[in-house]
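Atoms within a ligand are numbered from 1 in the order they appear, just like the ligands themselves.
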Amino acid sequence: MQNREGEGFLKIKDLIKKIDILETNVKDFDKDIADIAYNSKNAKEGCAFVCIKGFKADGHEYIDEAIQNGACLVVVDEFYDTSKIEGKIDYIKTSNTRKALAVMSANFFGHPSKDFLLIGVTGTNGKTSTTFMIKSILEAYGQKVGLIGTIKNMIGSSEIEAQHTTPESYDLQKLFWQMKSEGVDSVVMEVSSHSLELFRVYDCDFDVGVFTNLTQDHLDFHGTMENYFAAKLKLFGMSKKRVVNADDSWGKRIIEMYPDCVTYAKDSDACVFARNIKLFVNKNQFELWYNGQKKEILLNIPGLFSIYNSLAAAACCIALGVELDTIKRGLEDLKAVPGRFEIVESNEKFTIVIDYAHTPDGLLNLMKTVDEVANGRKVLLFGCGGDRDRTKRPIMGEIAGKMADFVIVTSDNPRTEDPLKIIADILEGIQKTKVEYVVIPDRFEAIKYAIKNARENDFIVLAGKGHETYQILKDRTIPFDERRIVKDIIKELRE
Ligand SMILES: CC(=O)N[C@H]1[C@@H](OP(=O)(O)OP(=O)(O)OC[C@H]2O[C@@H](n3ccc(=O)[nH]c3=O)[C@H](O)[C@@H]2O)O[C@H](CO)[C@@H](O)[C@@H]1O[C@H](C)C(=O)N[C@@H](C)C(=O)N[C@H](CCC(=O)O)C(=O)O
Ligand SMILES: Nc1ncnc2c1ncn2[C@@H]1O[C@H](COP(=O)(O)OP(=O)(O)OP(=O)(O)O)[C@@H](O)[C@H]1O
Ligand SMILES: N[C@H](CCC[C@H](N)C(=O)O)C(=O)O
Ligand SMILES: [Mg+2]
């Protein structure tokens, strides 16, 4: 990726505008800074190194490495004893280095988000899907659109790999800058609760904030649902316009706080709503209503949850002044969201769908749709991620047991945890139900079992990994693309 090339350096005084300085030894604020690094390994000649005390490491312990790599200014946090670096390097002490990184990065890249329309989508489920839909509508409206999120980042139709759902502030501002340089009119991005809590989107200029829903996830990080909500809420304080799901109880609280929201709903009264919903295995049909006008929509993205996501996308574009005909065209133009209710096999005997449901509510909504479209047994294969919210595991187990006819409990990115312990947490919930189940910790073997033992008309759902093409184990990450795996197993069993 380019790095502000051709635009030269930035003086310290301009780089640190709007950050609070508690202490400094800098004498020459006119000194040029070449770049910013938040990891000592990426520090280079003439750059500023911003030290962050994180969850795993403390950036302050890497100051020497950053200096060796060429850093000429360090930004340290309130608690740091600067006598350790006095005389060694120029420093600035500030009250929150994550915030400082965001402000300095926005300064460095010239506040690119002020130069295009910026839409942030937050909520537990549906962010990726809604951003894809908004992008498609804005393209139908004639715009060049940037996209930032879980699956990938995009500038128009070109793709850039994504590491996080919402990038670190420096990477985000750099991406904005690249998007601006390539002439985007608007950028639609997923805003994760982690990013709001960790100041990754601080100092961004949001035109619209969209709220999909709030249900249990990430309690390992936020502790309580109130804290999780408080993190999400930050986006709405930062946005000029707000688009909110009026069917969601947390959404209702946002609407109370900001009565001028554009609301959408399936069940409640709202500005934008859906009627006469028809679900099919590979598409949905519904009427989109706004201001007494109706549009018949044929949506290529299946799943009841996709109706909500299209309402969110439509309401967002209505807030931006896009007319309903264009909204219809944009929604209908979108052919798929990778790994979201994606049919990977459909033969005379069984159907296999992969989906990214990895939360209790996601799983419930997924299975409600399966209930509508399946003709035979509902077979659900899933696991829960390691190093993530443990309390969601038994809840997902119970939902699986209540909604499926047969459950295959397996692994989903165990990370540093013992896969059998994760499975034991899931079984706590499953055993509250009467469902028939098997445990097969190796996900490949589990998929093979589902296919080998498939009965006439089985509707097999592989949940949790969606678009992911890997499995994260304790000591390594292995390739794991369920689309490929399903095809290979079917081929092998036929031979
Ligand atoms: C909990 C969390 O989000 N942690 C993120 C956070 O880590 P951290 O600040 O604690 O970093 P750390 O590893 O402790 O290191 C502290 C500092 O020392 C620096 N360091 C470290 C080592 C070294 O040699 N030199 C050095 O300078 C690091 O660059 C860092 O600045 O900042 C890092 C840099 O941006 C992230 O990579 C890291 O994401 C971790 C890996 C992660 O898994 N995050 C997930 C939970 C996440 O953010 N997910 C959401 C999506 C959730 C959803 O939608 O469902 C997302 O937006 O992706
Ligand atoms: N509006 C919704 N309500 C409930 N569940 C949904 C909704 N939209 C999607 N889902 C479920 O959640 C899964 C993930 O959807 P999507 O990727 O759009 O969400 P996300 O918010 O981007 O997730 P992540 O937090 O991982 O970025 C889908 O595969 C589906 O099972
Ligand atoms: N953004 C989510 C994705 C979860 C996907 C699932 N496959 C897992 O690894 O738990 C998270 O990081 O919690
Ligand atoms: Mg996402």
> Closest non-hydrogen protein atom to atom 7 (C) of ligand 2, residue and atom name please, with distance?
Replying inline: Phe305 CB, 3.4 Å
> Which of the atoms in ligand 2, numbered in the order shown and given with their element, are less than 4.0 Å from a heavy-atom of Ser129?
Replying inline: 16 (P), 18 (O)
> Quick one: CD1 on Ile151 to CG on Leu147, what's the gap to the nearest 0.5 Å?
Replying inline: 8.5 Å
>> I'd like to check the salt bridge (Lys or Arg N to Asp or Glu O under 4.0 Å) partners of Arg340; sequence neighbours left out, ordered by chain and number.
In response: none
>> Tell me whether Thr212 reaches ligand 2 (any heavy atom closer than 4.0 angstrom to a ligand atom).
In response: no
> Roughly how far, to the nearest 0.5 Å, is OG of Ser40 from CD1 of Ile63?
Replying inline: 10.0 Å
> Evaluating non-hydrogen atoms only, which member of Asn309, Asn125, Val337 is closest to atom 1 (N) of ligand 2?
Replying inline: Asn309
> For ligand 2, which atoms have a heavy atom of Glu190 less than 4.0 angstrom away?
Replying inline: 22 (O), 27 (O)
> Considering only protein heavy atoms, which is closest to atom 26 (O) of ligand 2, and at what distance to one decimal place?
Replying inline: His358 CE1, 3.1 Å
Side chains of residues 200-208: which donor-acceptor partners sit under 3.5 Å, not counting sequence neighbours?
from: Arg200; atom 1: NH1; to: Thr166; atom 2: O; distance (Å): 2.9
from: Asp203; atom 1: OD1; to: Lys18; atom 2: NZ; distance (Å): 3.2
from: Asp205; atom 1: OD2; to: Lys240; atom 2: NZ; distance (Å): 3.3
from: Asp207; atom 1: OD1; to: Lys240; atom 2: NZ; distance (Å): 3.2
from: Asp207; atom 1: OD2; to: Leu118; atom 2: N; distance (Å): 2.8

> Is the shortest distance from a heavy atom of Leu364 to ligand 2 less than 4.0 Å?
Replying inline: no
> For ligand 2, is there an N or O atom under 3.5 Å from any N or O atom of Tyr356?
Replying inline: yes
> Going by the atom numbers of ligand 2, which of them fall below 4.0 Å from some non-hydrogen atom of Thr124?
Replying inline: 21 (O), 25 (O)
>> Looking only at distances, can you tell me whether any N or O atom of Asp361, backbone or side chain, sits closer than 3.5 Å to an N or O atom of ligand 2?
In response: no
>> Within a 6.0 Å radius of atom CZ on Arg390, are there more than 12 heavy atoms belonging to other residues, nucleotides or ligands?
In response: no
> Looking only at heavy atoms, is any part of Thr128 under 4.0 Å from ligand 2, and if so is it the side chain, the backbone, or both, or is it neither?
Replying inline: both
>> Could you check whether atom NZ of Lys402 has more than 12 heavy atoms from other residues, nucleotides or ligands sitting under 6.0 Å from it?
In response: no
> What atoms in ligand 2 come closer than 4.0 Å to a heavy atom of Thr150?
Replying inline: 27 (O)
> By number and element, which atoms of ligand 2 are closer than 4.0 Å to a non-hydrogen atom of Asn213?
Replying inline: 1 (N), 2 (C), 3 (N)
>> Is there a ring-ring contact (aromatic ring centres under 6.0 Å, His included) between Tyr290 and Phe273? Walk through the geometry before answering.
In response: CA-CA 7 Å; Tyr290 169 64; Phe273 58 92; 9.5 Å; no
> Should the pair Lys127 and Phe132 be classed as cation-pi, given the thresholds of under 6.0 Å to the six-membered ring centre and 45° from the axis?
Replying inline: no
>> Do Thr165 and Ser192 pair up side chain to side chain, a donor and an acceptor below 3.5 Å, judged on atom types alone?
In response: no
>> Would Thr130 count as a polar contact of ligand 2, with the cut-off being nitrogen or oxygen pairs under 3.5 Å?
In response: no
>> If you count heavy atoms of other groups shown closer than 6.0 angstrom to CG of Asp81, is the number above 12?
In response: yes
>> Return the closest protein heavy atom for atom 11 (C) of ligand 2 as residue, atom name and distance.
In response: Gly362 CA, 4.0 Å
>> Students often mix this up, so state it plainly: with edges at 30° and 60°, are the rings of His222 and His194 parallel, tilted or perpendicular?
In response: tilted
> With atoms numbered from 1 as shown, which atoms in ligand 2 lie under 4.0 angstrom from a non-hydrogen atom of Asn365?
Replying inline: 4 (C)
> To which protein heavy atom is atom 20 (P) of ligand 2 closest, and what is the distance rounded to 0.1 Å?
Replying inline: Lys127 N, 3.4 Å
> Can a salt bridge be assigned to the pair Glu287 and Arg275 using a cut-off of 4.0 Å between side-chain N and carboxylate O?
Replying inline: no
>> Looking only at protein heavy atoms, which one is nearest to atom 29 (O) of ligand 2, and what is the separation?
In response: Asp355 OD2, 2.7 Å
>> Given the ring of Phe199, does Arg98 sit roughly above its face, with NZ or CZ under 6.0 Å from the centre of the six-membered ring and within 45° of the axis?
In response: no
> Salt bridge between Asp405 and Arg377, side-chain N to carboxylate O under 4.0 Å?
Replying inline: no
>> Students should be able to answer this: which protein heavy-atom is nearest to atom 19 (O) of ligand 2, and at what distance?
In response: Gly126 N, 2.9 Å
> Sorted by chain and residue number, which protein N/O/S atoms are under 2.8 Å from the Mg ion (ligand 4)?
Replying inline: Thr128 OG1, Thr150 OG1, Glu190 OE1
> Which residue and non-hydrogen atom of the protein lie closest to atom 17 (O) of ligand 2, and at what distance in Å?
Replying inline: Arg340 NH2, 2.6 Å
> If you count the atoms of ligand 2 from 1 in the order shown, which ones are under 4.0 Å from a heavy atom of Thr165?
Replying inline: 27 (O)
>> Is the ring pair His218/Tyr228 parallel, tilted or perpendicular, if the boundaries are 30 and 60 degrees?
In response: perpendicular
> Would you say the side-chain atoms of Asp247 and Tyr308 include a donor-acceptor pair closer than 3.5 Å?
Replying inline: yes
> At what distance, to the nearest 0.5 angstrom, does SG of Cys316 lie from CD1 of Ile137?
Replying inline: 8.0 Å
> Quick one: are the ring centres of Tyr38 and Tyr62 less than 6.0 Å apart?
Replying inline: no
> At what distance, to the nearest 0.5 angstrom, does CG of Leu380 lie from CD1 of Ile430?
Replying inline: 8.0 Å
>> List the protein residues in contact with ligand 1, where contact means a heavy-atom separation under 4.0 angstrom.
In response: Tyr38, Asn39, Ser40, Lys41, Phe49, Ile52, Gly54, Phe55, Lys56, Ala57, Gly59, Tyr62, Arg98, Lys127, His164, Thr165, Thr166, Glu168, Ser192, His194, Leu198, Arg200, His218, Phe221, Arg388
